[in-house]
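Worksheet: the structure to be examined is printed underneath.
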Amino acid sequence: MIIAIDGPAASGKGTLGRRLAEHYGFAHLDTGLLYRAVARVLMDRGIPLTERDAAAEVARNLDVGHLEDDARLRGAAMGESASVVSAYQPVRDALLAFQRQFGAKEPGAVLDGRDIGTVVCPDADVKLFITATPEERARRRHRELLGRGEQAEYETILVDIRRRDERDMNRSTAPLKAAADAMTLDTTHLDADGAFQAALDLVESRRASMTRA
Ligand code: CDP
């Protein structure tokens, strides 16, 4: 069983993915971390993010199963840099096999990202597309960053989110978009528990129709 979750920056995909995975006893992969990790290696080596070949090389050699997950990887700067390197097709190609293998985990897997329902797991049993207004997403990310002790300004985050959405939606390779068979959940007016409950209802309704079919 595969649950694919896609959506724009700071839409709450990660939290939802983690909670759904816990609920069903499935494995969970936040695929954004893979692109963030590629960006981090380039930055640590002083290589400009515009070096496509170097980015692809880093992606091919990334130790995908053992990412060092820390505040810097999850920080705002790395999200922006990830969105630059993730637009390169060879970078995406290099990370595809690992994501697909992850999706084959038993008894099931939850993957969240931008292209899970469209490219990585087009046959996923359940596809969710999570949205919220840019302002609400910026508010959430602002709270999250402050909570982690990072310096953050709401206005700067809102600009960053809009720029990143724009880049992710308009790139030629695996653009951010809802799969034709995805169920869209707008979480603008939902808190984390409300979003989880609404997502769970959608997953359960899909599972019920699967067993009937
Ligand atoms: O957590 P947040 O929504 O801010 O970002 P993320 O999910 O960690 O993703 C960071 C960046 O990686 C995104 O802006 C995308 O450009 C890229 N990404 C992607 O292209 N495909 C994915 N499956 C996941 C992330």
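Order of listing sets the numbers, starting from 1, for every ligand and every atom in it. We number each residue from 1, following the sequence as shown. Only this structure's heavy atoms are used, side chains among them; waters, hydrogens and symmetry mates stay out.
Close contacts of ligand 1 with A10, meaning ligand atoms under 4.0 Å from a residue heavy atom, involve 2 (P), 3 (O), 4 (O). Listed by number with element, the atoms of ligand 1 under 4.0 Å from a non-hydrogen atom of D115 are 21 (N), 22 (C), 23 (N).
Within the 4.0 Å heavy-atom criterion, neither part of E80 lies near ligand 1.
Summary of contacts: the protein heavy atom closest to atom 1 (O) of ligand 1 is R141 NH2, 3.3 Å. What sits closest to atom 10 (C) of ligand 1 on the protein, heavy atoms only, is R164 NH1, 3.5 Å. At the shortest separation from atom 7 (O) of ligand 1 among protein heavy atoms lies R114 NH1, 3.1 Å. For atom 17 (C) of ligand 1, the nearest non-hydrogen atom of the protein is S86 OG, 3.5 Å. The protein atom (non-hydrogen) at minimum distance from atom 8 (O) of ligand 1 is R36 NE, 2.6 Å. Among all protein heavy atoms, the one lying closest to atom 15 (C) of ligand 1 is D168 OD2, 3.3 Å. Protein heavy atom in closest approach to atom 24 (C) of ligand 1: T31 OG1, 3.4 Å. Scanning all protein heavy atoms for the shortest distance to atom 21 (N) of ligand 1 gives R92 NH2, 3.0 Å.
Within the structure, ligand 1 lacks M78 among the residues with a heavy atom less than 4.0 angstrom away. The shortest separation from a heavy atom of R171 to ligand 1 is under 4.0 Å, placing the residue in contact.
Both tests pass for K105 against the ring of F102: distance under 6.0 Å to the centre and angle within 45° of the axis.
Applying the salt bridge (Lys or Arg N to Asp or Glu O under 4.0 Å) rule to pairs touching residues 1-13 yields nothing, sequence neighbours excluded.
Residues M169 and R114 fail the side-chain proximity criterion, which asks for heavy atoms closer than 4.5 Å. For the pair Y35 and R40, the minimum side-chain heavy-atom distance is 4.5 Å or more.
Comment: R148 engages E144 in a salt bridge, judged by a side-chain N to carboxylate O separation of less than 4.0 angstrom.
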Margin query: I'd like to know whether T187 forms a side-chain hydrogen bond (donor to acceptor under 3.5 Å, both in side chains) with R140, so could you lay out the CA-CA distance, the side-chain angles of the two residues, the decisive distance to 0.1 Å, and finally the verdict.
Written below: CA-CA 11 Å; T187 67; R140 292 178 192 164; 3.1 Å; yes

Next item on the list: Check the pair D69 / R74 against salt bridge (charged side-chain N to carboxylate O under 4.0 Å, His left out), numbers first and verdict last.
Entry: CA-CA 8 Å; D69 187 353; R74 291 186 181 266; 2.8 Å; yes

Margin query: Pair R141, D160 - check salt bridge (charged side-chain N to carboxylate O under 4.0 Å, His left out), show working.
Written below: CA-CA 11 Å; R141 183 54 47 97; D160 171 71; over 6 Å; no

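Considering all non-hydrogen atoms of both residues, L176 and P8 come closest at CD2-CA, 3.7 Å.
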Return a table of donor-acceptor pairs under 3.5 angstrom between the side chains of residues 46-57 and protein atoms on other chains or two or more places apart.
unit_1	atom_1	unit_2	atom_2	d
E57	OE1	R60	NH2	3.1
E57	OE2	N61	ND2	3.1

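Among S81, A76, A4, G32, the residue whose heavy atom lies nearest to atom 25 (C) of ligand 1 is G32. Between the choices G7, G17, S11, A82, the shortest heavy-atom distance to atom 11 (C) of ligand 1 belongs to A82.
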